[in-house]
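Reading through the structure tokens given below for one structure.
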2 protein chains.
Amino acid sequence: MSRIDYPVYLQLRDRLWTWIEDEQLGSQQRLPSERELSERFHTTRVTIRQALSQLEAEGLIFRSNRRGWYITPERLRYDPSRDVGFNRYVTEQGFRPRTETLSKVLTETPPWLSEITGLAIGAPIYHVFRRRYVDERGLLVEHNYINPAHCPGLLSESTDVSIWQMLRDQYDLCPEHRDIEIYPLALKGLEAEALGVNQGTAGLYIQRLSFDQRGEFLELDREYWLHDALKISVRIGDRH
Amino acid sequence: MSRIDYPVYLQLRDRLWTWIEDEQLGSQQRLPSERELSERFHTTRVTIRQALSQLEAEGLIFRSNRRGWYITPERLRYDPSRDVGFNRYVTEQGFRPRTETLSKVLTETPPWLSEITGLAIGAPIYHVFRRRYVDERGLLVEHNYINPAHCPGLLSESTDVSIWQMLRDQYDLCPEHRDIEIYPLALKGLEAEALGVNQGTAGLYIQRLSFDQRGEFLELDREYWLHDALKISVRIGDRH
DNA sequence: GCTCCAATCTGGTATAGACCAGATTATGAA
DNA sequence: TTCATAATCTGGTCTATACCAGATTGGAGC
């Protein structure tokens, strides 16, 4: 007997969950179409969609625009306090990374950026906009704002790998301290578009503001992640 | 002229946003009912609800079960790496904190807890379950698992204030290092119920696992936050 | 084989209506 | 005034249907 007063779409969520387990659907595998599911579970498409949205919120499945529903891969572990490049820790965890540079320009510091970096409004600043994949699923887009005073030749460097590694190797730069901000938000506008998800899809915002030993602004990193893509994992206070 | 191919519910989202600005609705103020809004904006309740859900995902408004939609207060800034108690930093930011202890028991270490703490399965462990408010809005629920070896008299202490402060003052305990995990999830079951939100509401999970100077397990903290309630803010590498 | 285009399949959006259950408010009796 | 209760208001759930637009597929023509 199912509990009374338990809405149909929540019952469906549970039945879908166990159905997925029974079928042993694995990472990135596709579910049957909504119409097929609504027949199979004797309900309407609207209600099935409600149940699917629940599973999406829980991170079990994700949608690919007008293509269908798929099983969400395991979360990527991520430590924003470390300087290790994306490619390296993705590989370390047994996944296949890929980075696309969507734009890379030398532009002028806008007011909001001036406010948090101390740069003058209109001062030259590099802006790199990239999309990162894990196993061919786009997990995040990232805006990098880099102080050109420290690395004048950045535009001619490749930005499809780690910017940090490049800053360290080519320009001998490393941050002395940084301010990190993290909060959940809805992906919208440019970011939603670049990730191929619907407006309002749940996401996680991570911002890193780095300064060098002399307290000068080095780099600002603004990352927009899919909500189900990562698990932040930090160790603090260890002296090894 | 509005952009073509822009769905009605997204247009509504924008119109509602500006309408809220025009009306100068402030923190915790109530919106008109869905039926009223759907008339006012010449659409159906379903579509209005879609627009409201967008604004909810974006953190502008939140819902209170069968009572209505309200303006979301400003996010609370939160640094999980510091030992400052909830009450203190809520107050520091000009808000009014409140904590309810929902349960407080001495129980036996379950397998999953044994795995991450090193305690023996079945070993005694304190479990405190609390709900935290800011300005009378419940923002998170929190499970604390505390090693009784270090603070035998915990059950008789008040847990409506900072557990950390108590551990420090009464038992002279402070953590040497800790592992922090953070990721977005959907609030469900006990946590959703305790916060009075619908199953599947977006949330943020924060876990802190603390050990003392000798590497012994001190405390495990599992927090379930509303997604729109906080902004994590950490400074790393500063030597002041 | 290949390319191109049409048919088809998919999820995305939108309407109109209905009923439910919890929360609030109004009412009226004590 | 107090307190129980009834009416009402609110969001929550659900059905049935329709059409759209992007993605995929299948086949015709080369």
Side-chain angles (χ1 to χ4, degrees), chain A residues 2-16 28-57 61-71 136-138 186-188 192-193 195-201, chain B residues 2-16 29-57 61-71 136-138 187-188 192-193 195-201:
Chain A
S2 65
R3 215 179 119 192
I4 58 167
D5 275 332
Y6 207 60
V8 177
Y9 77 94
L10 288 179
Q11 297 176 31
L12 279 172
R13 172 196 65 176
D14 296 342
R15 290 172 63 195
L16 276 167
Q28 306 255 31
Q29 277 192 279
R30 189 172 167 278
L31 268 65
S33 76
E34 294 176 355
R35 288 171 233 270
E36 201 177 325
L37 287 172
S38 61
E39 279 188 22
R40 196 177 300 195
F41 289 93
H42 304 99
T43 181
T44 62
R45 218 183 118 209
V46 179
T47 307
I48 272 290
R49 275 173 69 80
Q50 235 178 323
L52 290 170
S53 295
Q54 284 283 321
L55 294 175
E56 182 190 28
I61 62 179
F62 69 95
R63 60 180 95 192
S64 180
N65 197 283
R66 281 169 232 270
R67 297 202 312 124
W69 293 88
Y70 298 83
I71 305 294
E136 291 310 308
R137 183 185 177 211
L187 301 174
K188 40 182 275 199
E193 213 169 295
L195 286 173
V197 297
N198 292 335
Q199 301 277 321
T201 298
Chain B
S2 64
R3 212 180 119 192
I4 58 167
D5 275 332
Y6 206 61
V8 176
Y9 76 94
L10 287 180
Q11 296 176 32
L12 278 172
R13 172 197 65 178
D14 296 342
R15 291 173 63 195
L16 276 167
Q29 277 193 279
R30 188 173 169 280
L31 270 65
S33 75
E34 294 176 355
R35 288 167 174 84
E36 202 175 325
L37 287 172
S38 59
E39 278 187 24
R40 195 176 303 196
F41 290 91
H42 304 99
T43 181
T44 62
R45 217 184 118 209
V46 179
T47 307
I48 272 290
R49 275 173 69 80
Q50 236 177 321
L52 290 169
S53 295
Q54 284 284 320
L55 294 175
E56 182 190 29
I61 61 178
F62 69 94
R63 59 180 95 192
S64 179
N65 198 284
R66 280 169 232 270
R67 298 202 310 127
W69 294 88
Y70 298 82
I71 305 292
E136 290 312 308
R137 182 184 177 213
L187 301 173
K188 40 182 276 198
E193 213 168 296
L195 286 172
V197 297
N198 292 335
Q199 300 278 320
T201 297

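Quick note on labels: first sequence line is chain A, next is B, and so on, each numbered from 1. Source: prediction; values computed, not measured.
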*Under a 4.5 Å cut-off applied to non-hydrogen side-chain atoms, are B:Phe62 and B:Val197 in contact?*
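Of all side-chain heavy-atom pairs linking B:Val197 with B:Phe62, none is under 4.5 Å.
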
*A:Arg63 and A:Asn198, any side-chain heavy atoms less than 4.5 Å apart*: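 Yes; the side chains approach each other to less than 4.5 Å.
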
Tell me the interatomic distance from [X], atom [atom1], to [N], atom [atom2], rounded to whole angstroms.
X	N	atom1	atom2	answer
B:Tyr6	C:dG12	OH	P	17 Å
B:Gln54	C:dT13	CD	C1'	12 Å
B:Glu36	D:dG11	CD	C1'	14 Å
A:Arg49	C:dG11	CZ	C1'	6 Å
B:Tyr70	D:dT10	OH	C1'	9 Å
A:Leu12	D:dT13	CG	C1'	12 Å
B:Leu37	D:dC9	CG	C1'	14 Å
B:Glu34	C:dG22	CD	C1'	14 Å

Side chain of [X]: nearest nucleotide among [options]?
X	options	value
B:Asn198	D:dG12, D:dT13, C:dG11	D:dG12
B:Thr44	C:dA16, D:dC14, C:dT13	C:dA16
B:Val46	D:dT10, C:dG11, C:dT15	C:dT15

Examine the base of [N] for any acceptor or donor lying under 3.5 Å from a partner atom in the side chain of [X], and report the outcome as yes or no.
X	N	result
B:Arg67	C:dA23	no
B:Arg45	D:dG12	yes
B:Arg35	D:dG11	yes

*Which part of the nucleic acid, if any, lies within contact of B:Ser64, taking any heavy atom under 4.0 Å across all strands shown: a base, the sugar-phosphate backbone alone, or nothing?*
nothing

*asked:* Counting the atoms with a prime plus P, OP1 and OP2 as sugar-phosphate, which does A:Arg63 contact under 4.0 Å by heavy atoms, base, sugar-phosphate, or nothing?
replied: sugar-phosphate

*Phosphate-side-chain proximity, B:Thr47 and C:dA14, N/O vs OP1/OP2 below 4.0 Å*: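 Result: no.
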
*Check whether any side-chain N or O of A:Ser33 sits under 4.0 Å from OP1 or OP2 of C:dT10, and answer yes or no.*
yes

*Can any side-chain N or O of B:Gln11 pair as donor or acceptor with the backbone N or O of B:Tyr6 at less than 3.5 Å?*
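Yes, the answer is positive, given that a donor and an acceptor are paired below the 3.5 Å cut-off.
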
*asked:* What verdict does the side-chain contact (heavy atoms from CB on, under 4.5 Å) test give for A:Leu31 and A:Leu52, after you've listed the backbone C-alpha separation in whole Å, the side-chain angles of each residue and the deciding distance to 0.1 Å?
replied: CA-CA 10 Å; A:Leu31 268 65; A:Leu52 290 170; 4.0 Å; yes

*asked:* More than 12 heavy atoms of other residues, nucleotides or ligands under 6.0 Å from CD of B:Gln29: yes or no?
replied: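 Atom CD in B:Gln29 is crowded, with more than 12 foreign heavy atoms closer than 6.0 Å.
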
